[in-house]
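Predicted, not measured: the structure shown is a model, and the values here were computed from it. The analysis underlying the following values was restricted to heavy atoms, covering all of them including side chains, and did not include hydrogens, waters or symmetry mates. In this chain, residues are counted from 1 in sequence order.
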Amino acid sequence: EVSTPDESGYALVRGEVNPEAYVFVFNENLELGVITRADEEGAFEVLIRAEPNALLTIWQESQGVTGEQKQTVVPED
């Protein structure tokens, strides 16, 4: 799930992955990314600089195994 960007230009990305997995969120338009770690239940949330319609690539790494990359677009207001 991705929110519309706030007034500071950050979008909230949240979701569920494997418990305690590292989660990578990469903004393809700005060529910048954020890494976070999911909690014991697999929930994560992270803020990333993004504009509406920016393409985000999201994937996880758990126990040394890299998961499938998924892409989503930041929604407009």
Side-chain angles (χ1 to χ4, degrees):
E1 175 186 339
V2 180
S3 72
T4 58
D6 64 18
E7 57 278 345
S8 299
Y10 287 85
L12 178 66
V13 180
R14 72 174 114 200
E16 299 215 2
V17 294
N18 292 333
E20 299 182 346
Y22 287 101
V23 180
F24 301 80
V25 181
F26 187 74
N27 182 325
E28 301 284 349
N29 299 58
L30 298 178
E31 297 184 340
L32 61 85
V34 179
I35 301 170
T36 191
R37 192 153 195 184
D39 66 19
E40 306 81 30
E41 317 227 319
F44 76 91
E45 66 178 42
V46 66
L47 287 171
I48 187 166
R49 230 174 85 215
E51 296 178 349
N53 299 312
L55 179 62
L56 302 181
T57 302
I58 304 166
W59 69 98
Q60 68 173 312
E61 184 175 300
S62 180
Q63 298 177 342
V65 178
T66 301
E68 176 185 354
Q69 293 185 0
K70 300 195 178 199
Q71 293 188 317
T72 188
V73 174
V74 176
E76 295 183 43
D77 290 335

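Residues satisfying the ring pair (Phe, Tyr, Trp, His ring centres under 6.0 Å) criterion with F26, sequence neighbours excluded, are absent altogether.
Looking at V13 and L56, their side chains come closer than 4.5 Å, going by heavy atoms from C-beta outward. Inter-residue side-chain proximity for S62 and V17 is flagged as unmet; no heavy-atom pair is nearer than 4.5 Å. N27 has its side chain out of reach of V34: every pair of non-hydrogen atoms, C-beta onward, lies at least 4.5 Å apart. Within the 4.5 Å cutoff, no side-chain heavy atoms of P52 are placed close to those of T4.
Listed by first then second residue, pairs satisfying salt bridge (charged side-chain N to carboxylate O under 4.0 Å, His left out) with a partner in residues 4-22 read E1-R14, R14-E45, not counting sequence neighbours.
Note on L32 and V25: same hydrophobic cluster, where clusters join Ile, Leu, Val, Met, Phe, Trp and Tyr whose side-chain heavy atoms are under 4.5 Å apart, directly or indirectly. Hydrophobic clustering, with ILVMFWY side chains joined whenever heavy atoms are under 4.5 angstrom apart, groups L12 together with Y10.
Atom CD of E51 has 12 or fewer heavy atoms from other residues, nucleotides or ligands within 6.0 Å.
The minimum heavy-atom distance linking I48 with G33 is given by the pair CD1-CA, 4.2 Å. Across S3 and V74, no two heavy atoms sit closer than the pair O-CG1, 3.9 Å. Taking every heavy atom of both residues into account, N53 and E76 meet most closely at ND2-OE2, 3.1 Å. The shortest non-hydrogen separation linking W59 to E68 is CB-O, 3.7 Å.
Side-chain contact, R37 with Y22: a donor N or O sits under 3.5 Å from an acceptor N or O.
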For Q60 and N18, what are the C-alpha separation, side-chain angles and deciding distance, and is it a side chain to side chain contact (heavy atoms under 4.5 Å, CB included)?
CA-CA 8 Å; Q60 68 173 312; N18 292 333; 3.4 Å; yes
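Its side chain within the 4.5 Å cluster rule, V73 clusters with L55 among the Ile, Leu, Val, Met, Phe, Trp and Tyr residues.
When each of I35, T66, V23 is checked for a side-chain contact (heavy atoms from CB on, under 4.5 Å) with E61, only T66 meets the rule.
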